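It should be emphasised that the depicted structure is a prediction, and the values quoted were computed from it without experimental measurement. Side chains are part of it too, since the values below use all heavy atoms of this structure and drop only hydrogens, waters and symmetry mates.
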Amino acid sequence: MSKNGPFALAFNALVITFMLAPLLVVCIVAFTPENTLTIPTTSFSLRWFAAVFAHPDFMQSFWNSLWLALASATIATLLAVPAGMAITRYDFPGRDFLNALFLSPLIIPHLVLGVALLRLFALVGGTGSFGWLVMAHALIVTPYTLRLVVAALVGFDRSAEQAALSLGASQATVFRRITLPMILPGVTGGWMLAFINSFDEVTMSIFVTSPSTVTLPVRMYMYATESIDPLMAAVSALMVAVTAVAMVILDRLYGLDRVLVGRK
């Protein structure tokens, strides 16, 4: 902050205000007692938050999103840890291709992925299956986990591992007792980031969900096309709160500066 002049600080403040103002307005509207999207001026009410929890479709979609995010983030982590160790520790033919393959969902638009996965599910008979939906979400969130696992492994001091191996410890014991605890912040941070992205994913999910597996973001999109009452604002405020809490936890566990800019 001391390196920035008044103009730079004012410009940054304007940019942050411009980015956060829509979220703030939506959260304020969620407390309106009226039946329309209005900013409360005389009183605040929790009626629309109560309506969210009383709405069976939204609650079912919330649980769908929660279990989907938990499963896909866990699968992504189970894939990213061995893949990250192979990419950072071994030099083998196809290593760069493997790395590019795992990170490719970051550069492919989710709209394209959604159409492609819809076609794939139709061919294999997986349309409407929650398991196939988990696989689809694991596909798009694995790059986030892999990035943090690789960051934790780069520059990793292997002297403790080598000492344990020289004393007779097995590879499995070394990984469980030494390697995993030392990279655990990166693994945990990657899991959290994958969970957030899976829980908030909407573009690809529109194409691959079925009536029984509709996620919360997709339900919100469907509801927004039919109604303009403040119920949507209340759901949005709750999602903002959940995401904010998850980001705070991620920052405490790993550090957002390391996640977003790769700072050591």
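- Rounding to the nearest 0.5 Å places CZ of F7 at 10.0 Å from CG of N12.
- A heavy-atom distance below 4.5 Å is not found between the side chains of V208 and H137.
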Show which side-chain atoms of residues 109-123 pair as donor or acceptor with protein atoms under 3.5 Å away, not counting sequence neighbours.
residue: H110; atom: ND1; partner: E201; partner atom: OE1; Å: 2.8

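- By the 4.5 Å heavy-atom criterion applied to side chains, T145 and V187 are not counted as neighbours.
- With T213 contributing its side chain and T209 its backbone, the two residues share no donor-acceptor pair below 3.5 Å.
- Taking 4.5 Å as the limit, some side-chain heavy atom of L231 sits within range of a side-chain heavy atom of V52.
- Taking both residues in full, the closest heavy atoms of N64 and S212 are given as ND2-O, 3.5 Å, listed atom of the first, atom of the second, then distance.
- For F58, the ring pair (Phe, Tyr, Trp, His ring centres under 6.0 Å) partners are H55, Y223, not counting sequence neighbours.
- With rounding to the nearest 0.5 Å, the separation of CG in L146 from CG in L103 is 5.5 Å.
- Between Q171 and F175 the shortest side-chain heavy-atom distance does not fall below 4.5 Å.
- Within a 6.0 Å sphere centred on CH2 of W132, heavy atoms belonging to other residues, nucleotides or ligands number 12 at most.
- For T32 (side chain) and V29 (main-chain N/O), no donor-acceptor pair under 3.5 Å exists by modelled atom type.
- Judged by distance alone, with hydrogens and angles left aside, the side-chain atoms of D229 form no donor-acceptor pair with the main-chain N or O of T36 at under 3.5 Å.
- The nearest pair of heavy atoms linking M239 to M220 is SD-SD, 3.1 Å.
- For residues 78-105, there are no ring-ring contact (aromatic ring centres under 6.0 Å, His included) pairs, not counting sequence neighbours.
- Among pairs with a residue in residues 9-31, those fulfilling ring-ring contact (aromatic ring centres under 6.0 Å, His included) read F31-F49, at least two apart in sequence or across chains.
- Under the rule for a side chain to side chain contact (heavy atoms under 4.5 Å, CB included), the partners of L70 that lie at least two apart in sequence or sit in another chain are L66, W67, W191, F195.
- Residues satisfying the side-chain hydrogen bond (donor to acceptor under 3.5 Å, both in side chains) criterion with S170, sequence neighbours excluded, are T173.
- Between the side chain of S198 and the backbone N or O of A194 there is no donor-acceptor pair closer than 3.5 Å.
- Contact between R176 and P181 at its shortest, heavy atoms only, is O-CD, 3.5 Å.
- One distance of note links CG of L216 with OG of S205; it measures 11.0 Å at 0.5 Å rounding.
- N99 places no side-chain N or O within donor-acceptor distance of the main-chain N or O of R95, the cut-off being under 3.5 Å.
- L101 CG to T142 OG1: the interatomic distance, rounded to the nearest 0.5 Å, is 10.5 Å.
- Residue T215 holds its OG1 atom at 10.0 Å from CG of D200, rounded to the nearest 0.5 Å.
- With contacts defined as side-chain heavy-atom distances shorter than 4.5 Å, the pair P40/S45 does not qualify.
- Between V150 and G84, the shortest heavy-atom contact is CG2-CA, 4.0 Å.
- Pairing each heavy atom of I206 with each of V218, the nearest pair is N-CG2, 3.9 Å.
- Judged by distance alone, with hydrogens and angles left aside, the side-chain atoms of S65 form no donor-acceptor pair with the main-chain N or O of F62 at under 3.5 Å.
- Between L148 and G190 the shortest heavy-atom distance is CD2-N, 3.3 Å.
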